[in-house]
Peer 1: 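Here's a structure for you.
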Amino acid sequence: MQTLMLPSIISHAKEYGFIFPSSEMYDGLQAVYDYGQYGIALKRNLQNLWWQTMTQLHSHIVGLDSAILMHPAVWKASGHVDSFADLMVDNKDSKKRYRVDMLIENHAEALTAAGQEDEAKQLLAQLQSLLQKDDLVGLHTLLLEAAITCPVAKTSHWTDVRKLNLMFATKVGAIESEADTIYLRPETAQGIYLNFLHVAHTARMKVPFGIAQIGKAFRNEIVARQFIFRMREFEQMEMQFFIQPGTDKQWFDYWQNLRWQWYQALGIPKEKLKIKPHDQLAHYAQAAVDIEYQFPFGYKEVEGIHARGDFDLKRHAQASRKKVQYFDPELNQSYIPHVVETSVGCDRLILMLLCEAFTQESQVENGVSKERTYLKLHPALAPIKAAIFPLVKKDGLPAKAQQLFDALKYDFALTYEENQSIGKRYTRQDLIGTPYCITIDHQTLEDDTVTLRHRDSMAQERVAITSLQGFLTETVSLKRILQDCHV
RNA sequence: GCGGGAGUAGCUCAAUUGGUAGAGCGACAGCCUUCCAAGCUGUAGGUUGCGGGUUCGAGACCCGUCUCCCGCUCCA
């Protein structure tokens, strides 16, 4: 039943200006999406919340905006050039897809378990040699020679081995023949590591300290599915926290708890979130957990918290042959700091917020059952904070409403509407998640009071115009969420 | 990439066995003046995803192709 919700959310997001498929005039481009007028407003609010959480609530975290393009050597040093290129093969009978190296390694393990250690060693040696030569045909032959079978189909009916590089390559330089290959970054973190020394020196930071960054990253996914959950171009919100070696566990736990709190503060129900430890670690990680949200298609990762040790800084120090060291006055010694990162998929959070907010209720009114759809977005994140309506389009009500709009527009994202019936206007705002509607009627002209209508309950109350500024400041401010982050 | 499902107006869907592409909603303009999408009048919007074939005639039948959704794999 829950899985049926995703198509509704996708079409709602498109119909009401949150998220459009990219290049739809040309039939679309798989796994790329554009943010529409309300989508980008929601996204900016979310990014501001994260940014303020990191840089404003922590005096020892500063921001950064590094470039998407970096020296190609960065990705060799980081390990992405090697480990981000997966060699895949499909079994034609079971239709299952496997990574070639894992198939062969598993087979070698089985051989070892069966006491055939020499054969296992030889197999692994062949694998390494073929991988280094990038010999795809040889790998296919090896699969057949070693009689490696599909665990499901139990056959060796393999397709050709294909290489899938997860990084997008492009060329830098005007003359292509002389140009170097350069990659669109597959993660924003490396830009932070490259600026570690700059920030340490110019921000007068003492370890432990952190650098936060929001930016685009690009991955050439094999299969990109589930709407904006897995996109080829996506936005990361990453914070790299530099620490004394040996304090990794302590800070890993610290950030895991703090990030967990953040989702509570956002109002995501605890029972729809869970922390999942990684059983298989990425090439850079010492310890890793995911924070998962229960999407309509199952529990999926929205944020990763990783203890990366000194892997990245050390690799860059080696590859660049530069000294990457921090002198710690407390310990009176120099070292390469270790890193704990928190890495959020911004677009995944947007999808989480949409899933959480999308509400369909049926209610019986005068014996007639009516369906009501609205977005229960947190007021601080809603794209539009309040809509201002004259009850009718005459008797000076539009002018009065416009006056109120002008008075409040400097502080809040507002919308003004005078067309059609009041009910239609309320509904339109419900559909985009506007928490409050303010209606000017004839009484307003006499006593400067208005009707304040609440989105979720549809309740109305009579309030003074003079109270609106204070009311909105209080309710739509990020402050309420930030205060709940328990920093 | 493989398997399954689907593409007709902005959205939801119609269109006898192959016979002139329609409706509701929405949008826009005007009227009405009303606190929860429901009144009246009018307007715009389409090479039926795209290309080819069969046919006197294709939205429908055949072939190809593209895209989207679901599953397998990976990650943020």
Side-chain angles (χ1 to χ4, degrees), chain A residues 3-4 6-7 10-12 14-17 20-31 84 86 88-99 102 152 159-160 162 164 166 186-189 216-231 234-238 278 280 282 288 290-292 297 300-306 341-349 351 363 365-366 368 370-374 389-395 397 418-431 437 439-443 450-453 455 458-460 462:
Chain A
T3 49
L4 297 174
L6 188 64
I10 294 170
S11 55
H12 189 93
K14 182 182 166 192
E15 190 167 357
Y16 297 101
F20 307 123
S22 164
S23 316
E24 213 189 11
M25 287 179 80
Y26 294 95
D27 281 337
L29 182 63
Q30 195 185 31
F84 241 50
D86 289 343
M88 312 294 292
V89 68
D90 294 339
N91 181 278
K92 290 178 184 170
D93 298 312
S94 65
K95 313 290 184 195
K96 298 281 179 191
R97 166 165 293 177
Y98 300 94
R99 273 173 52 181
M102 291 184 66
V152 176
T159 61
D160 289 343
R162 282 175 297 243
L164 296 156
L166 271 69
E187 64 172 23
T188 57
K216 287 282 178 77
F218 304 82
R219 290 186 195 174
N220 193 9
E221 298 289 343
I222 314 156
V223 214
R225 289 287 164 79
Q226 267 122 9
F227 194 38
I228 57 169
F229 184 79
R230 183 176 293 108
M231 296 196 287
F234 62 105
E235 194 114 34
Q236 290 187 312
M237 304 194 290
E238 294 199 304
H278 277 213
Q280 237 180 354
D290 293 341
I291 294 178
E292 296 192 333
F297 42 89
K300 300 283 177 183
E301 177 180 6
V302 289
E303 170 159 1
I305 296 141
H306 308 120
E341 77 167 358
T342 71
S343 176
V344 184
C346 179
D347 312 279
R348 290 185 174 184
L349 247 44
L351 183 57
Q363 48 191 178
E365 216 174 273
N366 301 329
V368 189
K370 290 171 81 174
E371 186 97 330
R372 184 165 99 95
T373 302
Y374 63 104
F389 306 141
L391 182 61
V392 294
K393 202 168 28 173
K394 63 171 195 179
D395 302 336
L397 298 187
E418 59 179 33
N419 284 329
Q420 293 155 327
S421 70
I422 190 77
K424 217 172 250 194
R425 284 177 267 163
Y426 284 151
T427 301
R428 257 203 293 260
Q429 295 307 313
D430 285 345
L431 291 167
C437 292
T439 302
I440 277 73
D441 58 15
H442 294 89
Q443 193 187 330
V450 294
T451 304
L452 179 67
R453 185 257 194 191
R455 176 195 64 204
M458 297 196 293
Q460 297 187 357
R462 197 81 201 171

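Computed from heavy atoms alone, side chains included, the values below leave out hydrogens, waters and symmetry copies. In the text below, chain A, chain B and the rest are named by the order of the sequence lines, each starting its count at 1.
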Peer 1: Grab the CD-C1' distance between A:Glu238 and B:rA76 for me, whole Å please.
Peer 2: 8 Å
Peer 1: Does any N or O in the side chain of A:Asp395 come within less than 3.5 Å of the main-chain N or O of A:Leu397, such that one atom is a donor and the other an acceptor?
Peer 2: no
Peer 1: How many Å lie between CD1 on A:Ile422 and C1' on B:rA38, as a whole number?
Peer 2: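 Roughly 16 Å, once rounded to whole Å.
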Peer 1: Tell me whether the ring of A:Phe234 lies stacked over the B:rA76 base, given a 5.5 Å limit on centroids and a 30° limit on the plane angle.
Peer 2: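 Check passed, A:Phe234 stacks on base of B:rA76.
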Peer 1: Can you find a donor-acceptor N/O pair under 3.5 angstrom joining the side chain of A:Arg428 to the base of B:rA37?
Peer 2: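 Per atom types, no contact qualifies.
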Peer 1: Where the side chain of A:Arg219 meets the backbone of A:Glu187, is there a donor-acceptor pair that is under 3.5 Å apart?
Peer 2: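 No.
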Peer 1: Given B:rG26, B:rA37, B:rC75, identify the nucleotide with an atom nearest to the side chain of A:Arg348.
Peer 2: B:rC75
Peer 1: Specify the separation, in whole Å, of atom NE2 of A:His12 and atom P of B:rU12.
Peer 2: 13 Å
Peer 1: Can you tell me, in whole Å, how much space there is between the C1' of B:rU55 and that of B:rG18?
Peer 2: 9 Å
Peer 1: Round to a whole Å and report the spacing from CG of A:Asn419 to C1' of B:rA29.
Peer 2: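 In whole Å, B:rA29 C1' lies 10 Å from A:Asn419 CG.
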Peer 1: Any side-chain to backbone donor/acceptor pair from A:Glu418 onto A:Pro390? Under 3.5 Å, distance only.
Peer 2: no
Peer 1: Are any of A:Ser421's side-chain N or O atoms less than 4.0 Å away from OP1 or OP2 of B:rU33?
Peer 2: no
Peer 1: Taking only side-chain N and O atoms of A:Lys393, does any of them lie within less than 4.0 angstrom of OP1 or OP2 on B:rC31?
Peer 2: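 Checking A:Lys393 against B:rC31: no side-chain N or O falls below 4.0 Å of OP1 or OP2.
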Peer 1: Go ahead and name the base partner of B:rC56; Watson-Crick or wobble counts if both distances stay under 3.5 Å, otherwise write none.
Peer 2: B:rG19
Peer 1: Taking atom P in both B:rA15 and B:rG59, compute the distance separating them and give it to the nearest angstrom.
Peer 2: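 It works out to 15 Å between them.
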Peer 1: With C1' as the reference atom in both, quote the distance from B:rU43 to B:rA9 in angstrom, rounded to an integer.
Peer 2: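 Going atom to atom, C1' in each nucleotide, I get 14 Å.
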Peer 1: If I take atom CD in residue A:Glu301 and atom C1' in nucleotide B:rA76, what distance separates them, rounded to the nearest angstrom?
Peer 2: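 After rounding, the reported distance stands at 6 Å.
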Peer 1: Determine the Euclidean distance between corresponding P atoms of B:rC62 and B:rG22; express it in Å to zero decimal places.
Peer 2: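 The answer is 25 Å between these two P atoms.
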Peer 1: Please give the nucleotide sitting opposite B:rA29 as a Watson-Crick or G-U wobble pair, both distances under 3.5 Å, or none.
Peer 2: B:rU41
Peer 1: Any side-chain donor-acceptor pair under 3.5 Å between A:Arg428 and A:Gln420?
Peer 2: yes
Peer 1: Between the base of B:rC74 and the side chain of A:Arg230, is there a donor and acceptor pair under 3.5 angstrom?
Peer 2: yes
Peer 1: Write down the partner of B:rC36 under the Watson-Crick or G-U wobble criteria, each distance required to be under 3.5 Å.
Peer 2: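 Across any shown strand, B:rC36 pairs with none.
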Peer 1: Calculate the interatomic distance between A:Lys424 atom NZ and B:rU34 atom C1'; express it in whole Å.
Peer 2: 13 Å
Peer 1: Identify whether any heavy atom of A:Leu349 sits under 4.0 Å from a base atom; if not, whether one sits that close to sugar-phosphate; answer base, sugar-phosphate or nothing.
Peer 2: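 No contact.
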Peer 1: Side-chain N or O of A:Lys14 versus OP1/OP2 of B:rC11: is the shortest distance under 4.0 Å?
Peer 2: yes
Peer 1: Check whether the side chain of A:Thr427 and the base of B:rC36 form a donor-acceptor pair under 3.5 Å.
Peer 2: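 Under the 3.5 Å cut-off, the side chain and the base do not form any donor-acceptor pair.
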Peer 1: Looking only at atom P, what distance separates B:rG49 and B:rG10, rounded to whole Å?
Peer 2: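 B:rG49 and B:rG10 have their P atoms separated by 13 Å.
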Peer 1: Please confirm whether any donor atom in the side chain of A:Arg453 sits under 3.5 Å from an acceptor in the base of B:rC36, or the reverse.
Peer 2: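 It does, because a donor-acceptor pair links the side chain of A:Arg453 to the base of B:rC36 below 3.5 Å.
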Peer 1: For B:rG51, give the paired nucleotide (Watson-Crick: N1-N3 plus N6-O4 or O6-N4; G-U: N1-O2 and O6-N3; both under 3.5 Å), or none.
Peer 2: B:rC63
Peer 1: Out of A:Gln236, A:Glu235, A:Lys216, which residue meets the side chain to side chain contact (heavy atoms under 4.5 Å, CB included) rule with A:Thr188?
Peer 2: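 The side chain to side chain contact (heavy atoms under 4.5 Å, CB included) with A:Thr188 is passed solely by A:Gln236 among A:Gln236, A:Glu235, A:Lys216.
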Peer 1: Is the terminal nitrogen or CZ of A:Arg230 (NZ for Lys, CZ for Arg) located under 6.0 angstrom from the six-membered ring centre of A:Phe234 and within 45° of that ring's axis?
Peer 2: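 That pair does not qualify as a cation-pi contact.
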Peer 1: To the nearest Å, give me how far apart CZ (A:Phe297) and P (B:rU73) are.
Peer 2: 15 Å
Peer 1: Among the nucleotides B:rU33, B:rA37, B:rC36, which one has an atom lying closest to any side-chain atom of A:Val392?
Peer 2: B:rU33
Peer 1: Once you round it to whole Å, what is the distance between P of B:rU12 and CD1 of A:Ile10?
Peer 2: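 My rounded result for the distance is 12 Å.
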Peer 1: Are any of A:Gln420's side-chain N or O atoms less than 4.0 Å away from OP1 or OP2 of B:rA27?
Peer 2: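 So the side-chain polar atoms of A:Gln420 do come within 4.0 Å of the phosphate oxygens OP1 or OP2 of B:rA27, strictly under.
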Peer 1: Rounding to an integer number of angstrom, what distance separates B:rU33 and B:rU16 when you compare their P atoms?
Peer 2: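 So the two P atoms sit 45 Å from each other.
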Peer 1: C1' atom, B:rU41 versus B:rC32: distance in rounded Å?
Peer 2: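 Looking at atom C1' only, B:rU41 and B:rC32 are 11 Å apart.
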Peer 1: For B:rG24 and B:rU20, measure between their C1' atoms and round to the nearest Å.
Peer 2: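 These two C1' atoms come out 22 Å apart once rounded.
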Peer 1: Heavy atoms only, 4.0 Å cut-off, all strands: where does A:Glu15 land among base, sugar-phosphate and nothing?
Peer 2: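 Sugar-phosphate, no base atom in range.
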Peer 1: Just checking, A:Arg453 and A:Tyr426: is the charged tip under 6.0 Å from the six-membered ring centre and within 45° of the axis?
Peer 2: yes
